[in-house]
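Atoms within each ligand, like the ligands themselves, are counted from 1 in listed order. All heavy atoms count here, side chains included; hydrogens, waters and symmetry mates do not.
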Amino acid sequence: MKMDEKLKGWGLISDAFLKAGVEYIFGVPGESISPVQYAVEDTPIEIITTRHEQAAAFMAESYGRMTGNPGVVLVTFGPGFTNTISSMVNAQMTNAPMVLIAGAHGPKSMDRLGLQDMRQRPIIDSIVKKSFICRKAERIPEYIDMAFRTAGQGRKGPVFLELPIDVLDGEVEVEKVNNISTKITSRPIDKNDAVQMMEMIKAAKQPVILAGSGTYYSKAGPELISFVEKTGIPAFTIKMGRGIIPDTHPLCFGSSVPTIPGCSGMATTDADLVILLGNRLCLYNVFGAFYNPDAKIIQVDIEPEEIGRNKSIDLPIFADVKALLNECLNLVSENDKMLREQFKDWVDTLSRTDQEMKLAAKSESLEPTQFIHPGLLAEKVNAFMDKEDDIIIADGGDAQSWISLSRTCKAPLNILDSSLFGCLGVGLPYGASAKLINRDRRVLVYTGDGSIGFNFMEIETSIRKELPLVVVIDNNQKWGMTSNSMQMKFAHFIPGTVEIGNPPYHKAVEAIGGKGILVEKAEDIQPALEQAFASGITTCINVMTDPGVVGPGSKALAMAELL
Ligand SMILES: Cc1ncc(C[n+]2csc(CCOP(=O)(O)OP(=O)(O)O)c2C)c(N)n1
């Protein structure tokens, strides 16, 4: 800026962003938001340009989920904004901390049938945790602080901030700027809740812990492991909670999804005490419908609104999971041995059932067919991605369910998917942001052939930004889960509606500048994975799988429909 130039609204942005801890801005450029890009030009903040705003918003959403700090997506007004809607709903469902910033027409130009003019706030209002419009240049820092505080505190979630052109370009009266910034670090907890929880545990014979995403967001992993070890209570994990206590831990039995082979179904039908830690009662636990009706339930959540959804809760605890577990740990140390003894038989029964059920399911999924069995592909990928810090991004219908079912989680982020909104197309954007913030870790995108199509050009983003991904396509040449559900409900699928052909995805990736490998035999899967990771560039492994197999996701959804 020249000396005689007046400070404009956008000149206040970089300081406010840096105070809020912004590292990256994801987006597609557009004239209404160029001033925001210029504002960060000479700062450490990096602008990551994608090929579609949906992908940029998925990158910000997954960044938010993985780091716990708000991801930022910056889009132009009108179509740039509307392209983010699916990702924003996904963020609402995953409670992802993120801030969507869009340009807008201001008082000078709005409502004149100008380019891309529309009312954005009414559309986004029902989706986000809160929406803001900044109407005065001097107030930009205040609004940025508000947006980030709202997104990142309490129950995290997506926030919308509209910065109209007139405000970005408006002259600032410097003495009126209110440069505020607050970071909240305290964690809500009532010690009496911990006392009551321990009393219920002591009265139980067959308790079970189900740890969800809230456990990950509150960074309660070490406390959870220590609590489980001291009390001897068996644990299961779900969603972002997967791996927070390793599946390989003797007291952890993997995913709590009841349809997954193992003892998770039995654990909840037989438990006399269910402890939900940062875990909403939703589709993934079949809304709690199969819990032992006589079981006592404790639900711990940072958001009171979630406690008691779908089921009455005997001990509702409004608290941060980490803070609560710390408090419980203070109470447990003297009589821990006694508790471990108390639950030993229960844990032994679960272990036996778990082994039996997993063995039975394994022999079923590996039965040879003339094509590669999708279950076998998932097992081979899981076995290959065996390092504690390996990341698998799962996308697709049955493809996603096969890899979720097979995945052994030794640490958080061993698997990440779109979660409850079930929005296809997250694979490549989630993969790119996972690699961006974990450059030294292996990142593999596991996707259906339908799902890869939604954001296919993000292959180019990963190559341009040097974020090498290994992309495994479970290619059954159709919208598999949809065709299965049609088949199960109507006894046939309408020809031409679910088949998607067999374009050479691996060659398309090569044409964009990556590497491509076609795999038609099971024995070629592992060498392809080795080559792909050794190449150091984004590689597509296009695996031809059996179109006749009905996956676990299709079966589980059909069961849920019956409820
Ligand atoms: C954005 C979006 N559009 C449509 C759907 C509905 N849908 C659910 S699963 C599925 C099929 C996915 O096919 P593919 O990615 O090839 O995986 P597959 O089930 O064949 O393994 C579809 C279309 C959805 N979940 N999300």
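The shortest N or O to N or O distance between Met481 and ligand 1 is below 3.5 Å.
Looking at Asp390 and Lys410, no side-chain N of the basic residue comes within less than 4.0 Å of a carboxylate O on the acidic one, giving no salt bridge. Using a cut-off of 4.0 Å between Lys/Arg side-chain N and Asp/Glu carboxylate O, Asp389 and Arg442 are scored as not salt-bridged.
Remark: ligand 1 atoms within the under-4.0 Å shell around heavy atoms of Gly448 are 14 (P), 15 (O), 16 (O), 17 (O). Those atoms of ligand 1 with a heavy atom of Gly422 less than 4.0 angstrom away are 24 (C), 25 (N), 26 (N). Within ligand 1, the atoms closer than 4.0 Å to a non-hydrogen atom of Gly397 are 9 (S), 12 (C), 17 (O), 18 (P), 19 (O), numbered from 1 in the order shown. Under a 4.0 Å criterion applied to the non-hydrogen atoms of Gly396, ligand 1 contributes the atoms 15 (O).
For Phe160 and Phe81, the distance between ring centers is under 6.0 angstrom.
Here the rule is side-chain hydrogen bond (donor to acceptor under 3.5 Å, both in side chains) with Gln54, and of Asn455, Thr84, Asn90 only Asn455 fits it.
The shell of residues lying under 4.0 angstrom from ligand 1, judged by heavy atoms, excludes Gly425. Judged by the shortest distance from any of its heavy atoms, Asp449 lies inside the 4.0 Å radius around the atoms of ligand 1.
Under the 3.5 Å distance criterion, the side-chain polar atoms of Ser264 are matched with a main-chain donor or acceptor of Val257.
Nearest to atom 15 (O) of ligand 1 among the protein's heavy atoms is Ser451 OG, 2.6 Å. Given atom 3 (N) of ligand 1, the protein heavy atom at minimum distance is Phe454 CZ, 4.0 Å. Nearest protein heavy-atom neighbour of atom 5 (C) of ligand 1: Leu424 CD1, 3.8 Å.
With a heavy-atom cut-off of 4.0 Å, Asn476 touches ligand 1 through its side chain alone. The proximity of Gln400 to ligand 1, defined as any non-hydrogen pair under 4.0 Å, does not occur for either the backbone or the side chain.
More than 12 heavy atoms of other shown residues, nucleotides or ligands fall within 6.0 angstrom of atom CD in Glu499.
Aromatic ring orientation, Tyr63 versus Tyr24: perpendicular (interplanar angle above 60°, classes split at 30° and 60°).
When the heavy atoms of Ser485, Ser554, Gly450 are ranked by distance to atom 14 (P) of ligand 1, first place goes to Gly450.
In this model, a donor atom of one side chain and an acceptor atom of the other lie less than 3.5 Å apart for Lys478 and Ser483.
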